[in-house]
Amino acid sequence: MGSEPSILNINLVADRPTFVTHLECSMTGEHYPADQVHGLSRVGRPLLVRYDLPAVARAISRDRLAERPMGLWKYRELLPVRNTADIISLGEGETPLIPLDAIGRSAGARAPIVKDEGRLPTGSFKARGLVMALSMAKALGLRVIAMPTNGNAGAAAAAYAARAGIEAVIFCPADTPEVNVREIAAQGARVWRVDGLIDDCGKIVGEGARHRGWFDLSTLKEPYRIEGKKTMGLELAEQLGWRLPDAIFYPTGGGTGLIGMWKAFAELEAIGLIGAERPRMIAVQAEGCAPIVRAFERGERHAERWQDAHTYAAGIRVPAAVGDFLILDAVRDSGGYAVAVSDAEIERAVTDAARGDGLLLCPEGGATLAAWRRALADGHVRPDEQVVLFNCASGLKYPLPDRSGSLKREGPIDWDAL
């Protein structure tokens with residue numbers, strides 16, 4: 001029974017009801033019918049999936065959830081896939097919470113907890129959003145999807161598209177890490193390098209949607225990636241005994257996960273699994289690409305495109321986000337804020353977490369640790385508060401510095417040098 005956990009998970013969700021009622025424009029509240037192909041709303045804003053939450057409350061409880069196998073699909077009543085045959089799982093398990101004890105001690109603070117999303121299929125949290133989007137693409141009969149990527153989203157899209165039998169066309173900036181580009185191609189997608197940034201790639205996808213009939217799977221330009229990403233919030237709440245942390249530091253590019261978690265917390269309260277308390281949501285960006293931070297500091301609800309975006313944390317190098325107002329609303333409603341950290345701070349955080357606590361963060365995850373350190377220094381976070389940092393991908397997917405030594409087999413060993 002325990003030898004095939006992914007098969008077990010899917011079989012156990014087969015007879016559970018689903019509760020989607022409609023889709024809703026995040027800007028105007030206009031309703032759209034469920035079970036049809038949708039992109040953005042009529043006013044060009046993301047659509048949000050809505051559920052019959054009173055019925056969900058009658059169907060699930062803390063005890064019922066605790067009896068189910070771990071993994072993303074245990075929350076099916078709050079997910080959009082109606083027919084189990086359309087689920088294309090690669091075994092999305094629960095990701096662990098890992099305290100950075102040495103980091104905490106060195107800062108004189110309670111150890112920050114890392115939710116390590118690098119343990120998911122394809123090595124990043126993009127698996128959550130793309131398994132949901134591609135499952136729904138399969139359910140709705142789509143044949144070709146296209147999307148821009150900084151690397152990890154494209155890899156997840158390629159994997160789940162292959163699983164679903166859907167053609168994938170992926171565009172990435174020319175400086176995307178080579179491992180990501182090859183991973184995408186290895187999984188059968190057509191991948192193209194573009195001389196530009198991710199929003200330049202997105203423009204090509206939009207043109208291809210018009211001229212070639214591709215379905216645009218860009219961040220928040222379809223309704224279902226956010227539903228997959230919100231499982232981070234559902235899972236985190238259950239892992240912490242249905243009590244949310246004081247603050248969440250989230251690496252923010254397109255911001256789907258931050259928006260999704262905020263939606264998850266509202267749904268959990270509506271069905272009675274948590275109370276009204278919320279963590280402060282801190283959107284973390286890089287100093288070389290910080291449109292959300294700039295808009296937050298100016299008191300604006302929409303973020304202007306960031307010119308000349310640059311940072312080695314490629315996953316948060318997003319000059320403009322279609323869900324900018326949803327990110328900023330969640331940050332402000334939670335009493336949180338937006339902060340930008342330098343590449344030097346990010347690199348130092350990645351090194352310190354690896355050497356002190358044995359956890360290899362990706363650069364975007366390192367940004368959250370750097371932001372927490374700055375928050376402690378600035379008084380935005382108290383030393384005794386419980387804080388969760390999101391590490392969005394395995395650090396093994398990124399180029400690492402070579403700090404190894406070398407030895408020759410011939411001659412005596414210089415033991416003083418070892």
Notebook entry, point to check: If you measure from CG on Asp63 to CZ on Arg68, what distance do you get to the nearest 0.5 Å?
Noted result: 11.5 Å
Next item on the list: First locate atom CD of Glu30, then atom CG of Leu47, and finally report the distance between them rounded to the nearest 0.5 Å.
Entry: 9.0 Å
Flag the pair [X] / [Y] as yes when at least one side-chain heavy-atom distance between them is below 4.5 Å, and no otherwise.
X: Met27; Y: Arg42; value: no
X: Leu268; Y: Trp242; value: yes
X: Pro17; Y: Arg76; value: no
X: Met132; Y: Leu72; value: yes
X: Gln386; Y: Leu240; value: yes
X: Lys263; Y: Ile259; value: no
X: Ile170; Y: Arg190; value: no
X: Cys289; Y: Ile316; value: no

Next item on the list: Decide yes or no on side chain to side chain contact (heavy atoms under 4.5 Å, CB included) for Ile346 and Val341, but give the supporting numbers first.
Entry: CA-CA 7 Å; Ile346 294 172; Val341 293; 3.8 Å; yes
Taking the side chain from [X] and the backbone from [Y], do they hold a donor-acceptor pair closer than 3.5 Å?
X: Glu269; Y: Gly272; result: no
X: Glu364; Y: Gly315; result: yes
X: Ser342; Y: Glu345; result: yes
X: Asp384; Y: Arg110; result: no
X: Ser135; Y: Ile87; result: no
X: Gln187; Y: Ala162; result: no
X: Arg50; Y: Val20; result: no

Salt bridge flag under 4.0 Å for residues [X] and [Y]:
X: Arg382; Y: Glu385; value: yes
X: Glu94; Y: Arg119; value: no
X: Lys397; Y: Glu183; value: yes
X: Arg105; Y: Asp357; value: no
X: Glu277; Y: Arg243; value: no
X: Arg128; Y: Glu235; value: yes
X: Lys126; Y: Glu92; value: no
X: Asp199; Y: Arg317; value: no
X: Asp246; Y: Arg280; value: no

Check: Given Tyr51, which of His22, Glu77, Glu227 fulfils the side chain to side chain donor-acceptor pair (under 3.5 Å) condition?
Finding: Glu227
Next item on the list: Grab the two heavy atoms, one from Pro319 and one from Pro291, that are nearest each other, plus how far apart they are.
Entry: O-CG, 3.5 Å
Checklist line | Considering all heavy atoms, the nearest Leu197-Ala309 contact | finding: CD1-CB, 3.8 Å
Would you find more than 12 non-hydrogen atoms of other residues, nucleotides or ligands less than 6.0 Å from [X] atom [atom1]?
X: Asp195; atom1: CG; result: no
X: Asp414; atom1: CG; result: yes
X: Arg182; atom1: CZ; result: no
X: Arg298; atom1: CZ; result: yes

Notebook entry, point to check: In this structure, which one of Thr368, Val284, Leu236, Ile282 forms a side-chain contact (heavy atoms from CB on, under 4.5 Å) with Ile248?
Noted result: Leu236
Next item on the list: Give a yes-or-no answer on whether the side chains of Thr95 and Glu117 include a donor-acceptor pair shorter than 3.5 Å.
Entry: yes
Check: Angle class for the Tyr337/Phe249 ring planes (parallel below 30°, perpendicular above 60°, tilted otherwise)?
Finding: perpendicular
